[in-house]
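Reading through the structure tokens given below for one structure.
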Number of protein chains: 2
Amino acid sequence: MWKGDQAMKKMTIKDVAEALGLSPGTVSKVVNNSGRVGDKTRKRVKEYVKKHGYVASANARILKSRLSFTIGVIFSDISHVGLEHPFFASILQSFKTAVEERGYEIVFIVSRVGENELTYYQWCRNKKVDGVLIVMGNINNPNIQEVVQSEIPCVSTDIVMDNLQSVISDDKEGVRLALDHAENLGCEHITHITGPTSSRGFAERAAAFSREMEERGLPLPDEAVEIAEGFGFTSGYNATLKHLKKVARPPELILAGSDELAFGIVRALESKRLRVPEDIMVMGYDDIKFAKHFTPSLSTIRQNKEKIGRLAAERLLSAIEERRPKRKEITKVPVELVKRQSTGRG
Amino acid sequence: MWKGDQAMKKMTIKDVAEALGLSPGTVSKVVNNSGRVGDKTRKRVKEYVKKHGYVASANARILKSRLSFTIGVIFSDISHVGLEHPFFASILQSFKTAVEERGYEIVFIVSRVGENELTYYQWCRNKKVDGVLIVMGNINNPNIQEVVQSEIPCVSTDIVMDNLQSVISDDKEGVRLALDHAENLGCEHITHITGPTSSRGFAERAAAFSREMEERGLPLPDEAVEIAEGFGFTSGYNATLKHLKKVARPPELILAGSDELAFGIVRALESKRLRVPEDIMVMGYDDIKFAKHFTPSLSTIRQNKEKIGRLAAERLLSAIEERRPKRKEITKVPVELVKRQSTGRG
DNA sequence: TTGTACGCGTTATCAA
DNA sequence: TTGATAACGCGTACAA
């Protein structure tokens, strides 16, 4: 089906109208199921359109109408975390699948168009996106604040803010499950190593950890919460070494803020001749695909990434289609304890 | 900066023109650095535009002009492999970064718009994308054939076809490096377990493997190449068990078609009380992030994902901007041997 | 520089 | 009711 250099001339609504001896307006109505059109005409148009594969130009349509069937995605502004981050990639994937099923598509919001630097909000206006998903963001980013406070429907699977719908894991419950598990294993001296608290998840888990430990009457010295410098393996590794230097005696269990941190934590412990789980236990958070293939396989709190993405899509599309006023609303998605070798014999 | 429900009225080129007592055409020229405009006028316009943050509507612009500064991405059609696949996600990430630096953005090509089923080509025409990246595709997919044979510039980081530019790893070299390594380790009985050969990478590695083994005079019974059913851990696991049943005695080394397969291979061997690397060695392919954290850490052939993505971006953008006729062209990116524990003592 | 036709649909208005 | 007409959305490009 080689078309050579010259493209097949594109069929426009006028071509269709002309071929059928109708006006463009009438064809438009049929295509969009709007307005009144006679039955036989409607049928003629539908058949022609189907047969010849006419589809309205996306750009012309968006230019005129309210909706673009496009969702802008804010993926990352902080710390070179990209599509390669398994947790966020999973969420994005399931969100993408869900909106595509409803005829929407996703585009990544960037802060420039051609040569112009735009704010996220300007970008959205410029592209007329129908809604915005914040997969990962920082509440102090003025760009994000602007979008969230604007008239554009938004949903986040990460941050929580005024006027913003969020679909997130129940982190309090996650920490509770983790500590229940720890207590069942007979652990009392527990350390929490988490990532930068500029990230909501990390901050929330750290807060929940402290509160829970107190309520349970477990020891909570200052060193019991260690903040790693980044998101990845190396950050977890380094934070662990730092922590071990601070304490007289290693804790019985370390709860990590994420699986990736946990991987680094485990290796750091091993480098100090501490065996996991025999000498010290480790728990992760997220249950990314690799957690079960790690050695020792990682006990963790599973976040339901698929559900988070799907629910976020539902919430956002309803907000778009019902045009209701924006308000803060948090949907908590249950988490689940996954027991593996790193806290026992697997 | 709460804007409430009613959006700030959008500023159009007419508003700008009116405010400055000029015509829209003049403003357009300034904004696009095209055509002749007087110096002082140009300056006045630039200042006004900067101050008030006017940006041309993307849709109106695309509607009229040749370029959309948009690249369509074909990510996956086969086997539920999504953004979660670390190898392809890495390539896409670096491609995305590279094109964004040049003012382009990416959109995922899907096969429907609203209610209409479109072919990829129709979709591209409909959206006026400037070019297409095929991150992963099947050469027998008519949708892909149509795009590739069309007038739209394309580049692939996966498949190889007529009229298509490809930026891929030098798999022959990769297999050669792997077998050199194997021979240096004294291995002669080598098995290759790879994924579905509908995927170019797997097919090419399998072919290279057979050829190289023959040239080296190493044994190449039929069972020496085992095709797994899928891309992931489980496929590797099952293929290994199947292979072990076929052979009288396990090979000395297994070369996997990908790291993910290799993970499954290793665990399958262990389940049969074969230690890696003591009893049998295993090599992966790709060097995804996790390969070095696996136990045993995985020796592998590193594909330069970052470079593949970046080069693909360069090739595609040149093709777009120079509008040269399409032809087949393969850019091979060097690979690298990474020695770790799974083939020695690490 | 400006005027204006044009790109391609959508939608409000109007005639039949 | 049915369908046609025309203005509109927002820029671009070319003639004047």
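Below, chain A is the first sequence line, B the second, and so on; all start at residue 1. If you're wondering where the values come from, they're calculated on a predicted model, not measured in any experiment.
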Would you indicate what B:Val37 reaches in the nucleic acid, counting non-hydrogen atoms under 4.0 angstrom: base, sugar-phosphate, or nothing?
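Sugar-phosphate contact only - B:Val37 comes under 4.0 Å of backbone atoms but never of a base.
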Please classify the nucleic acid contact of A:Leu22 as base, sugar-phosphate, or nothing, using heavy-atom distances under 4.0 Å.
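The residue A:Leu22 makes sugar-phosphate contact but no base contact.
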Return the value, rounded to whole Å, for the distance between atom [atom1] of [X] and atom [atom2] of [N].
| X | N | atom1 | atom2 | value |
| --- | --- | --- | --- | --- |
| A:Asp15 | C:dC8 | CG | P | 9 Å |
| B:Leu20 | C:dT2 | CG | P | 10 Å |
| B:Arg125 | C:dG7 | CZ | C1' | 14 Å |
| A:Arg36 | C:dT13 | CZ | C1' | 17 Å |

Spell out, as yes or no, whether a donor-acceptor pair under 3.5 Å connects the side chain of A:Ser166 to the backbone of A:Ile168.
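Absent.
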For A:Tyr54, check ring pair (Phe, Tyr, Trp, His ring centres under 6.0 Å) against everything at least two apart and list the hits.
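Not a single residue meets the ring pair (Phe, Tyr, Trp, His ring centres under 6.0 Å) criterion with A:Tyr54.
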Can a side-chain donor-acceptor contact be found between B:Thr70 and B:Glu105 if the only test is distance below 3.5 angstrom?
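There is no such pair (donor and acceptor under 3.5 Å, judged by atom type) between the side chains of B:Glu105 and B:Thr70.
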Assign a letter to each nucleotide of nucleotides 8-16 of chain D from its 5' end: B, base within under 4.0 Å of a protein heavy atom; S, sugar-phosphate only; -, no contact.
BBBBBB---
Whether A:Lys305 engages the ring of A:Phe87 as a cation-pi pair (distance to the six-membered ring centre under 6.0 angstrom, angle to the ring normal within 45°) should be assessed.
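No, A:Lys305 does not sit over the ring of A:Phe87.
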Are there over 12 heavy-atom neighbours, none belonging to A:Lys14, within less than 6.0 Å of that residue's NZ?
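Check fails, neighbour count at 12 or below.
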So which heavy atom on B:Asp162 is nearest to which on B:Lys328, and how close?
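Closest pair (atom of B:Asp162, atom of B:Lys328, distance): OD1-CD, 3.9 Å.
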